[in-house]
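First the structure, in the form of structure tokens, and then the observations on it.
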Amino acid sequence: MEIDVLSTPFPETSTSAVDQIQADRLQKLTHAFDTADFSHAVAVAHERLAAHLEKDDLEVLKQEPPAGLMRQARALMTKGEGEFSPDRFADILDLYLRTGIQVNSRGYMARQFSSVVPVSAVFDMVSAMAPQPASFYEAGPLPNVADKILSEEFGERLGWVPGSFDMVSTSGASLANLTAVLAARNRHFASFWKGGVRPDSRGRPAVAIGADSHFSVTRIAGILGLGEDQVVRLPVDDRRRISIEGAIAALDGAAERGLNVFCIVAAAGSTSIGANDPLPALAAIARERGAWLHVDAAHNGAFLVSDRLRGRIKGIELADSFCLDAHKTLFMPAACTLLFYRQKGLAGTAFPQKASYVFDPDEDEISRFESGVKNFECTKRPSIVNLWLTWALYGRCFFETKLDYLVELTRIAHDHIASLSDFAVAHEPESNILCFIHRPEGSDGLDINRLQLELRNRVRDANRYFISKVDLDGVTNLRIVMMNHRIDRNDIVGLLEEIRRHGRDIVADWTRQTVAA
Ligand SMILES: *Cc1c(COP(=O)(O)O)cnc(C)c1O
């Protein structure tokens, strides 16, 4: 018998025993959707998250080994049929919060994600409860309007003529980079979409990328069927930015080898040190050679919001496309990425399934607002609204202030570390990322790379500071990323003291081991 869920309550008299069981189960299901369970859950979450937000002490990562975490997680699972228990819900939230990185801690300096602006996180719950898949206007009206508004705000900062460019939001810069290079490929080789990738009289289709590119960029040639052999690496200079002379030589060499480079991918904010490639010169080279310039500005693209910082990514307005990650340096919940195309219509070349529609001169009022035909994603979280909402409430200057502070703090850290004889900085910071090494007293003759790695691990395991490491030309460096505006000079001094303490221990341990051996 079919149960009509809408006819509640089930009339007792007319139900058989079997139906009664069904009715009980349905009752539970109804509970899961009623306001009581919801209100309990929100109250528990609010309490836990408020504590999480206020926790700015030096306790940053107490990571459980996977087997132990698996056991604890299993122990929290209902056997058989369950019902909502605020206590168990709280236990699960605690487990999540306790075993992860404490992003509000003043010791958290390791990665490119931060605590998110709380109101934007609250909106994440709203959009999860009231979903609006954002690719089509009918299903996601406000998200599509938010796309447009933010694209206009950024367009103004870029000096672009209103209505002359395109922006689509994607879930992550990895996807945005791929989409942009796909658009470049399709513009250059109109037949590939239908006929597949093949060499023509101009040579084998190839892309050129900076030697320091993010791994999402290095895998694009494989994904798009160009083949990794058709990737031209552009060498970087001593500031780890694409070298113009090196780039010209590499591109000339590629042409001689029969490669047809249709796209150059540069970076504004390299993952390793936050370096900005020389964009105006690269734009000129691309134009000269008929190639598309895409800028992976996942990290530093957000500098556009700052009057002080945007000069550092000058030339980005000349690129054919670029993307920026709002879930990094605009402090949004992941993933929220903006992919800009300098010329209107170019966004439509990525997925030319309906080319006539995209270039349709009588594009209608609704279709102008739709991103579905320009975007890889079908069901897409409306995370652009998180950004628009925060922008609407606090204004652009809110982002500017936080970014300015973090970049300035990194400059201060650089100047301080550079002045210490037992430390060496790897570069001038162009962003909020800084790499350096520590040479403790008595470390001459020890493997300095292994020592940095050991330092990084011991610092992490001591659970007061959390930093990362990166290899730069064969040299292992410690790496800090300033994402938390609560951090100040004292925390930097504290971190260096912590590093020194572990440095002394490591030298003592390793020397003892050598003597013993
Ligand atoms: C983080 C990052 C990416 C990847 O972006 P996701 O949003 O994580 O997909 C790509 N390039 C650079 C330079 C990055 O910093």
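Order of listing sets the numbers, starting from 1, for every ligand and every atom in it. Heavy-atom basis, side chains included; hydrogens, waters and symmetry copies ignored. Numbers here simply count residues along the sequence, with the first being 1.
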For Val231 and Val207: C-alpha separation, side-chain torsions, deciding distance, then whether side chain to side chain contact (heavy atoms under 4.5 Å, CB included) applies. CA-CA 5 Å; Val231 175; Val207 291; 4.3 Å; yes
Give yes or no for whether the N/O distance cutoff of 3.5 Å, strictly under, is met between Gln112 and ligand 1. yes
Using a 4.0 Å cut-off to any heavy atom of Ala298, which atoms of ligand 1 qualify? 2 (C), 11 (N), 12 (C), 14 (C), 15 (O)
Check each atom of ligand 1 against the heavy atoms of His327 and keep those under 4.0 Å away; list them by number with element. 7 (O)
Under 3.5 Å: donor-acceptor pair, side chain of Asn104, backbone of His52: yes
Considering only heavy atoms from C-beta outward, does the side chain of Leu234 approach that of Val265 to under 4.5 Å? no
Ligand 1 to Thr337 polar contact by distance, N or O atoms, under 3.5 Å: no
How about Glu156: does its CD atom have over 12 heavy atoms from other parts shown lying under 6.0 Å from it? no
Heavy atom of the protein closest to atom 6 (P) of ligand 1 (residue, atom name, distance): Ala173 N, 3.4 Å
Taking only heavy atoms of His214, which atoms of ligand 1 are found under 4.0 Å from at least one of them? 2 (C), 3 (C), 4 (C), 10 (C), 11 (N), 12 (C), 14 (C)
Any side-chain to backbone donor/acceptor pair from Arg486 onto Arg106? Under 3.5 Å, distance only. no
Would you mind running through ligand 1 and noting each atom that sits below 4.0 Å from a heavy atom of Gly172? 7 (O), 9 (O)
Could you go through the side chain to side chain donor-acceptor pair (under 3.5 Å) check for Thr349 and Asn186 one step at a time? CA-CA 6 Å; Thr349 60; Asn186 292 343; 5.9 Å; no
Could you tell me the residue and atom name of the protein heavy atom closest to atom 15 (O) of ligand 1, and the distance to it rounded to 0.1 Å? Lys328 NZ, 2.9 Å
What are the atoms of ligand 1, with element, lying closer than 4.0 Å to any heavy atom of Asp296? 10 (C), 11 (N), 12 (C), 13 (C)
For Thr271, the ligand 1 atoms with a heavy-atom partner under 4.0 Å come out as 12 (C), 13 (C), 14 (C), 15 (O)
At under 4.0 Å between heavy atoms, which part of Ser174 makes contact with ligand 1: side chain, backbone, both or neither? both
Contact check: Asp325 vs ligand 1, nitrogen or oxygen atoms, below 3.5 angstrom: yes
Measuring centre to centre across the rings, with the benzene-like ring taken for any Trp, is Trp160 within less than 6.0 Å of Phe154? no
Against heavy atoms of Gly269, which atoms of ligand 1 measure under 4.0 Å? 13 (C)
Side chain to side chain donor-acceptor pair (under 3.5 Å), paired with Asn432, selected from His299, Glu408, Arg411, Lys328: His299
Using a cut-off of 6.0 Å, state whether more than 12 heavy atoms not belonging to Arg489 lie near its atom CZ. no
Does Ser216 come within less than 4.0 angstrom of ligand 1, counting non-hydrogen atoms of the residue? yes
